[in-house]
Amino acid sequence: MANRRNFIKTTAIASVAVALNAFKDKTDEIEEVSSISGKVKKPIVLSTWNFGIPANEAAWDVLKKKGRALDAVETGVRITEADPKERSVGYGGRPDRDGRVTLDACIMDEFSNIGSVACLEHIKHPISVARAVMEKTPHVMLVGEGAFQFALSQGHKKENLLVETSEKEWKEWLKTSDYHPKANIENHDTIGMIALDEHGNLSGACTTSGLAYKMHGRVGDSPIIGAGLYVDNEIGAATATGHGEEVIRIAGCHLVVELMRQGKSPQKACEEAVMRIVKLTQIRNKNLKDIQVGFIALNKKGEHGAYCVQGGFNYAKYDETGNKLIDAAYYLKV
Ligand code: ASP
């Protein structure tokens, strides 16, 4: 509502549109006001990290043909999932401490349909399994063996996801078995992707192999709707990367979307969510230097924002101006 009010204040055309729409419901007003003023930047797709560049390319192919944001985000993150050189997502992802590659993913569409898989093994495209959970089951989340069996029933093949390099590194790690997920060290990362399509609809997808050498069975934020991803088609969408435990603690992406609902820009919403993590880290007497979390967010007008705990996080944005990698602003200046 505050969003709508600010917007109305700043555009004369918008006021006329609101008058014309006096009898329509509020959602209709927002849609109409935005399109009359020409302010909506669409389509647009955002995704985390530099692997977002090729992922965005694939998503853009869908978006530019007026495709659905849901199809765009699934198509986009599948590129990263299939790439064995990306060692923190899908095929090629680093294993847990038992040498098992376990994958987490979730997806959310413009109708608030949701689907998710956690601790899924041997399947190259967890995001498509998450989508099948959303579209073909009465549930929203499947884990472990149940998720695997469901994937097989949907035609996915059982594959070995542990590539040679990952296996070698894991065997090296076993010599010390020292577990310290570090900020900005390449032992984790997630592709989270959010998009606004030509029709003005939002969707998001999020997929990862999680933290390298995690305990078997550990699940991060990435398959948790509201933590690693959240979409509200009236307001905006957000996705996260970094230490999942910290994102879950604040229900991160739901928080970012709710802050946008209160009238915050995507940038301010991401900043406030990061500040929540900063505060809780202090309260819990932990060291912020050991923590990295990054959020990206997109609102209904196609405005975007990003913020993270410490430097080093970047994201890819593809809109009519092209596909660009952008360094996110950050809190901890050392
Ligand atoms: N958020 C992921 C997890 O905690 C990892 C990452 O994005 O770095 O599993």
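Quick note: residue numbers are just sequence positions, from 1. Order of listing sets the numbers, starting from 1, for every ligand and every atom in it.
Looking only at side-chain heavy atoms (C-beta outward), Y230 and I225 come within less than 4.5 Å of each other.
Using a cutoff of 4.0 Å between basic side-chain nitrogens and carboxylate oxygens, D83 and K85 are scored as salt-bridged.
In this structure, a donor-acceptor pair under 3.5 Å is absent between the side chains of T208 and S222. Using a 3.5 Å distance cut-off with no hydrogens or angles, the side chains of H216 and D96 do pair a donor with an acceptor.
At least one heavy atom of R218 lies less than 4.0 angstrom from ligand 1.
Applying the 4.0 Å criterion to heavy atoms of T241 picks out, from ligand 1, the atoms 6 (C), 7 (O), 8 (O). With ligand atoms numbered from 1 in the order given, ligand 1 contributes 1 (N), 2 (C), 5 (C), 6 (C), 7 (O) to contacts under 4.0 Å with heavy atoms of T190. The ligand atoms of ligand 1 that sit less than 4.0 angstrom from a heavy atom of S222 are 1 (N), 2 (C). Atom numbering of ligand 1 starts at 1 in the shown order; those under 4.0 Å from a heavy atom of G210 are 9 (O). When each atom of ligand 1 is checked for a heavy atom of D221 under 4.0 Å away, the hits are 1 (N), 2 (C), 3 (C), 4 (O).
Looking at A227, G244, G242 and measuring to atom 5 (C) of ligand 1, the nearest heavy atom belongs to G242.
Where the criterion is an N or O separation shorter than 3.5 Å, residue side chain and backbone included, H243 fails it with respect to ligand 1.
Applying the side chain to side chain donor-acceptor pair (under 3.5 Å) rule to pairs touching residues 277-288 yields nothing, sequence neighbours excluded. The salt bridge (charged side-chain N to carboxylate O under 4.0 Å, His left out) pairs that include a residue from residues 211-229 are R218-E245, where partners are two or more places apart or lie in different chains.
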